[in-house]
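Input: a single structure, listed below in C-alpha cells.
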Amino acid sequence: MVSSASTASLLLPLPSCSSSEESDDGKPLPPLTAQEASSPPPSQLKRRRGRLERDYNVAMKALALSGDVDEVLAVFAELRRSLADAGDGGAAPNVLCYNTLVNALAEAGRTEEALRALDEMLASGVAPNASSHNILIKMHARRSEFDLAWELIHKSEMEPDAATYSTLIAGLCRVGKVAEAWGVLDWMLEKNCLPMVHTYTPIVQAYCREGRIEEAKLLMVEMERLGCLPNVVTYNVLIRALCDSGRFDEVEQILVDSRTKDWNPSTVTYNIYMNGLCKKGKTKEALEQLDVMLGEGMDPTAYTLSILLNCLCHDSRLLDAIYLLERSTELKWHAGVVAYNTVMSRLCEMGKWMSILKLLTDMIKKGIEPNTRTFNILIHSLCVVGKFSLAKSLIQSEGFAADVVTYNTLLHWSYHCGKLTGANRLISAMEEKNIALDEVTYTIIIDGLCREGKFDAATGYFLKSLKIGLSMDVLTVLLNRLACADRIWEIHRIFDEKDFIPDHLVFNLTIRTLCRASYCHYRDFYKLNLILDKMLERK
DNA sequence: ATAGGGTTAG
C-alpha cells in the first residue's frame, strides 16, 4: 500500500499556506480567551466550531486545487484534533469538510482512501448530503462502474439533480461512451431535469478528443440556442482541440469573438494556448501570448511557469529556463514541483547530472518537496550517466514511494546492462509491493529478454500481459523480435493461446511483420503459410 | 460552496 494517508495525517504540520496562492487569506484563528477556554456557553462553542470548520474547509479546498492531497489529509487531521480539543466531546467534522476530503482523494485517483474516508464519515454519524452522493457516483463513473453508479442513483433516497446526471455523463464521456452519455441526457430530459453547461461540456470534450471538432462546434451552437451558453471551460476545451490540430487562426478568432460574447478568457485559456503553440514549435508566438496575458492583467500560475519552462527547454534555451526558475521567487512567479521536474528532465536528456543535483538542492532549500516524478527523473538520469547501482539503491530511500515508472526505468537499464537476475528480482519486488505491471513494463521485459535470446520467456510474458488487455505496442515488439529471429514456433504458441483474441488489426500486423522479415521469399513461404493456417483456425 | 478546463517522469 503506497498510501501515506495515516502517517501523513499524524506527522504533517498545519498548512503554512506558502505553497498555495489562494489560501493567503486563511487568517490564523484567534486564541481562546480565558473565559472561552474554561467553560464557554454552548452557543459560543457552536460558533467557534462553525468558524473552525469553515476556515479549515477553505484551506483544504485551496490545497486540493493545487493538487496537494497529502496536505489536505494533514489539514483534515488537524481539524479533527482541534474539534476534539474544542470541548464538546470530540464531535466529527461536518459533511462539507468530509466532502472536500473525499473529493480530493477521489480526484487524485486514491479511490480506496476516499471510500474509507466516506465510511468513516458515516460511522461518525455524519449524514451525507447531495454532494456526498454525487462524489460517490463520480468515483464509480471514474472506475467505469456505470452499473453501480446507475444503481446508486435509483435506489438512493436522494433525488438525482442535474449535477448527478452531469457527473455520470462526464464519466461516460471520459471513457469514450458518447452514445451512452446522450442516453443519460435523454433520460434526464424525460425526468424534466434541465441540463446545464456541466452537462454538455463533457460531450463537447469527447467530440474534441476524437478529433470531431466540427461536431463539437455544432453542439456549442446548439447550446447557445438552448440558452445554455458555453462558458470559459467549454471554450477552453475547444481551444485545446484547435491547438492540437494546429488551427491557431481559429483560436485567435475565438479570442477576438469573446469580447462580444458572454465569456472571458482566463489564465487557463492562455495556458492552453501557450502550451499548444509551444508543442508545435512556436516558441516566439507562445511568449507573445504571455505578454497578451500579462497585458490583460492576469497573473501567471504555477501552470503558466511550467508551460513556459517547457517551452524554453524545447527551444534549447536551458540557461534562460534555469535563470527563470532561480529567479521565480523574486519575480513572484509560483514555481512548484512541476516546474523543477520539467527543467530537470530536460537536463537529464542532456546528461547534465551536476545541474540536476543543483536544482534538486535548490528546490529543497525553497521548501518545495520533491515528488515521485522528481525521484524518477533522478533515477533515470543516474542510469544515463552509468550509475545504475546508485540509482537502484535509491528505491529504498525514506519517504519515497516507488511506482510503476520507477520500476520500468530500472528494468530498462537492468536489461541494458545485461543484468537478467537483477531484472527478475525487480519484477518480484513489484509483485510483492502490489505495483501492477503496465504496457510499458511488458514492452521492456519482452524486448530485454528477446535481446538475450530468451524468446520462450518473452512469449510467456506476452501471454501474461493479456490479463491487462491486449496491447498492440507490446505485440508489435514481440512479433518483430520473433520474426527477425525466425522463431515461428513461438508465434504459433501465441495464436494457440485461448486468451488471445486476434482481430483484423492483429492479422494485419502479423502478416506485415512477417513479410518485412522476408518471409515472402519463396524459400520461407511455407512458414508464412503455416502461420496463416494457424491464424485462420482462430477466425 | 459538490462538480468541469491547463503543466512534468518510463
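So that the names make sense, note that chain A is the first sequence line, chain B the second, and so on, each numbered from 1.
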> Within this structure, what is the CG-to-P distance between A:Asn99 and B:dT2, rounded to whole angstrom?
Replying inline: 6 Å
> Which side chain to side chain donor-acceptor pair (under 3.5 Å) pairs, counting each pair once, include a residue from residues 335-345 of chain A, with sequence neighbours left out?
Replying inline: A:Tyr340-A:Lys366, A:Asn341-A:Asn371, A:Asn341-A:Thr374
> Are A:Glu250 and A:Lys217 close enough for a salt bridge, meaning some N to O gap below 4.0 Å?
Replying inline: yes
> When the ring planes of A:Trp150 and A:Trp187 are compared, do they come out parallel, tilted or perpendicular, using 30° and 60° as the limits?
Replying inline: perpendicular
> Which whole-number value in Å describes the distance from A:Leu136 CG to B:dT2 P?
Replying inline: 16 Å
> Taking only residues two or more places apart in sequence or in another chain, which ones pass side-chain contact (heavy atoms from CB on, under 4.5 Å) with A:Lys177?
Replying inline: A:Phe146, A:Leu172, A:Val175, A:Glu180
> Any stems for DNA chain B, made of 3 or more Watson-Crick or G-U pairs in a row, each with both distances under 3.5 Å?
Replying inline: none
>> Among residues at least two apart in sequence or on other chains, which ones pass side-chain contact (heavy atoms from CB on, under 4.5 Å) with A:Arg451?
In response: A:Tyr415, A:Asp447, A:Arg481
>> On a heavy-atom basis, which atom in A:Gly171 and which in A:Ala141 lie closest, and how many Å separate them?
In response: CA-CB, 3.8 Å
Show me the side-chain donor-acceptor pairs of residues 280-297 of chain A shorter than 3.5 Å, one per line, residues at least two apart or across chains.
unit_1, atom_1, unit_2, atom_2, d
A:Lys280, NZ, A:Asp244, O, 2.9
A:Gln289, NE2, A:Glu252, OE2, 3.4

> Given B:dA1, is OP1 or OP2 found less than 4.0 Å from the side-chain N or O atoms of A:Asn129?
Replying inline: no
>> Counting only heavy atoms from other residues, nucleotides and ligands, does the tally under 6.0 Å from NZ of A:Lys279 exceed 12?
In response: yes
> Which parts of nucleotides 4-9 of chain B does protein reach within less than 4.0 Å, heavy atoms only, written one letter per nucleotide 5' to 3' as B for base, S for sugar-phosphate only and - for none?
Replying inline: BBBBBB
> So what does A:Met196 hit on the nucleic acid, given a heavy-atom distance under 4.0 Å: a base, only sugar-phosphate, or nothing?
Replying inline: base
